[in-house]
Asker: 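Encoded as structure tokens, here's the structure I'll be asking about.
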Amino acid sequence: MKVVATKTGLRQEMEHSSRPVVLVPTMGALHDGHLALVRRAREIAGPEGTVAVSIFVNPIQFDRAADLESYPTPLEADLAACRAAGVDVVFTPEAGEMYDGDRSVTVTESLLSSRLCGATRPGHFDGVCTVVLKLFLLTGCDAAVFGEKDFQQLAVIRRMVRDLDVPVEIVGFPTIRENDGLAMSSRNVRLSPEQRQDAPRIRRALLSAAENFRQTGQEILETARGEIEKSPMTRIDYLELVDAETLQPVDEIKKPAVLATAVFYGDVRLIDNVTIFPNRELKALAR
Ligand code: AMP
């Protein structure tokens, strides 16, 4: 496994990497969710292709300095996990390597980014699009794998690739969860034991609300809100029911819709979502 921290080093490495090249962009603190994406990347790349992982805590996608500063960075453990998972190339740049001090170009998706995480984290998706496009250009990857946990991110990146004719296939992957249903996240380690014990309520709330798929959007949202707010430890950042494609709010499940939330436990912000289908109760339940 090659580990490179410079853009020049990465380009040189990718020049003689065999195709297809499949990239898994991450911010590190790797857990089984990330590693499932890596396994999917290997399936796509095949034994002869190249699996690349980037580990970069991208400062320009953080809206809160404290969140950036407290983001876990266990690089040695991450490299060991990549090695064990059969990754070929890991890119671990510093912020100064990725961005010039006077950088003045940003990639903006202006429709799907405006709601949900984009509304409560201003500039977040500009940061995501900018870094992901740079990573695509630097690696020259043929495909890239992203988690459905960040379903808005996946939609925004698909749109960026479509609208800018970026020749990269975008592959989505279902959310990997702890045994109690909590979506795996690098931020889970920052929860107190009490918060960690309470946090599966997010998933429970989304599932119980989604079971009432014949109800109005308003009713679905009320059920979910009630369950999340039962705990004094939670603060809802947003809770929305949106069309799975357009990400616009809906009040009736006529097409696949996504019930999505971001919930604060103290200063730790967790996100999760469930897709609701008009005829089948829950795709997520079948998983
Ligand atoms: P992050 O390191 O949080 O930026 O995540 C890197 C990639 O891993 C993104 O595509 C995420 O959507 C994906 N990811 C994070 N958590 C999970 C999870 N629990 N299951 C599946 N994919 C995940």
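Both counts, for ligands and for their atoms, begin at 1 and track the order of listing.
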Asker: Just to confirm my output: which protein heavy-atom neighbour is closest to atom 3 (O) of ligand 1, and how far is it?
Answerer: Y71 OH, 3.9 Å
Asker: How far is atom 15 (C) of ligand 1 from its nearest protein heavy atom, and which residue and atom is that?
Answerer: K149 CE, 3.8 Å
Asker: Does this structure show an ion pair linking E222 with R225, if we count only N-O contacts that are shorter than 4.0 Å?
Answerer: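 No.
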Asker: Counting only nitrogen or oxygen atoms and a 3.5 angstrom limit, does T175 reach ligand 1?
Answerer: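 N/O-N/O distance under 3.5 Å: no.
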Asker: Does P174 come within less than 4.0 angstrom of ligand 1, counting non-hydrogen atoms of the residue?
Answerer: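 The answer is yes, since P174 has a heavy atom less than 4.0 Å from ligand 1.
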Asker: Which protein non-hydrogen atom lies closest to atom 1 (P) of ligand 1, naming both residue and atom, and how far is it?
Answerer: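 Minimum-distance protein heavy atom for atom 1 (P) of ligand 1 reads H34 NE2, 3.7 Å.
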Asker: Consider side-chain contact (heavy atoms from CB on, under 4.5 Å). Of V131, I170, L164, which one does F136 pass it with?
Answerer: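 Among the candidates, only I170 passes.
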Asker: V107 versus D126: any side-chain heavy-atom pair under 4.5 Å?
Answerer: no
Asker: Checking side-chain contact (heavy atoms from CB on, under 4.5 Å) against V53, which of L37, V38, V22, L35 comes through?
Answerer: V38
Asker: Classify the side-chain pair N58/Q61 by whether it contains a donor and acceptor separated by less than 3.5 Å.
Answerer: yes
Asker: Taking 4.0 angstrom as the limit and counting only heavy atoms of T26, give me the atoms of ligand 1 inside it, by number and element.
Answerer: 2 (O), 6 (C)
Asker: Among all the protein's non-hydrogen atoms, which is closest to atom 13 (C) of ligand 1, and how far away is it?
Answerer: L37 CD2, 3.6 Å
Asker: For the pair D198 and S231, evaluate side-chain hydrogen bond (donor to acceptor under 3.5 Å, both in side chains) and give the outcome as yes or no after the intermediate values.
Answerer: CA-CA 8 Å; D198 193 71; S231 164; 2.9 Å; yes
Asker: Can you report which non-hydrogen protein atom sits closest to atom 17 (C) of ligand 1, along with the distance?
Answerer: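 I find the closest protein heavy atom is H31 CE1, 3.7 Å.
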Asker: Geometry only, no angles: is S185 polar-contacting ligand 1 at N/O separations under 3.5 Å?
Answerer: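 In fact, backbone or side chain, S185 has no N or O that close.
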Asker: Could you work out, for atom 6 (C) of ligand 1, the closest of G147, S54, P25 by heavy-atom distance?
Answerer: P25
Asker: Less than 4.5 Å apart, side chain to side chain, heavy atoms only: is that true for T120 and D63?
Answerer: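 With C-beta onward as the side chain, the pair stays apart.
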Asker: What protein heavy atom lies closest to atom 12 (O) of ligand 1? Include the residue and the distance to one decimal.
Answerer: D150 OD1, 2.6 Å
Asker: If you count every heavy atom of other residues, nucleotides or ligands that lies below 6.0 Å from K2 atom NZ, does the total exceed 12?
Answerer: no
Asker: What is the nearest protein non-hydrogen atom to atom 4 (O) of ligand 1, stated with its residue, atom name and distance?
Answerer: M27 CG, 3.5 Å
Asker: So, is M184 polar-close to ligand 1, with some N/O to N/O distance under 3.5 Å?
Answerer: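 M184 vs ligand 1: N/O contact under 3.5 Å present.
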Asker: More than 12 non-hydrogen atoms from neighbouring residues, nucleotides or ligands closer than 6.0 Å to CD on E252, yes or no?
Answerer: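 Atom CD in E252 is not crowded, with 12 or fewer foreign heavy atoms closer than 6.0 Å.
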Asker: Atoms of ligand 1 less than 4.0 Å from G33 heavy atoms?
Answerer: 18 (C), 20 (N)
Asker: Would you check the N or O atoms of I176, main chain and side chain alike, for any that come under 3.5 Å of an N or O of ligand 1?
Answerer: yes
Asker: Between F146 and V24, is there a side-chain heavy-atom distance shorter than 4.5 Å?
Answerer: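 No, every pair of side-chain atoms sits at 4.5 Å or beyond.
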Asker: Going by the atom numbers of ligand 1, which of them fall below 4.0 Å from some non-hydrogen atom of F146?
Answerer: 10 (O)
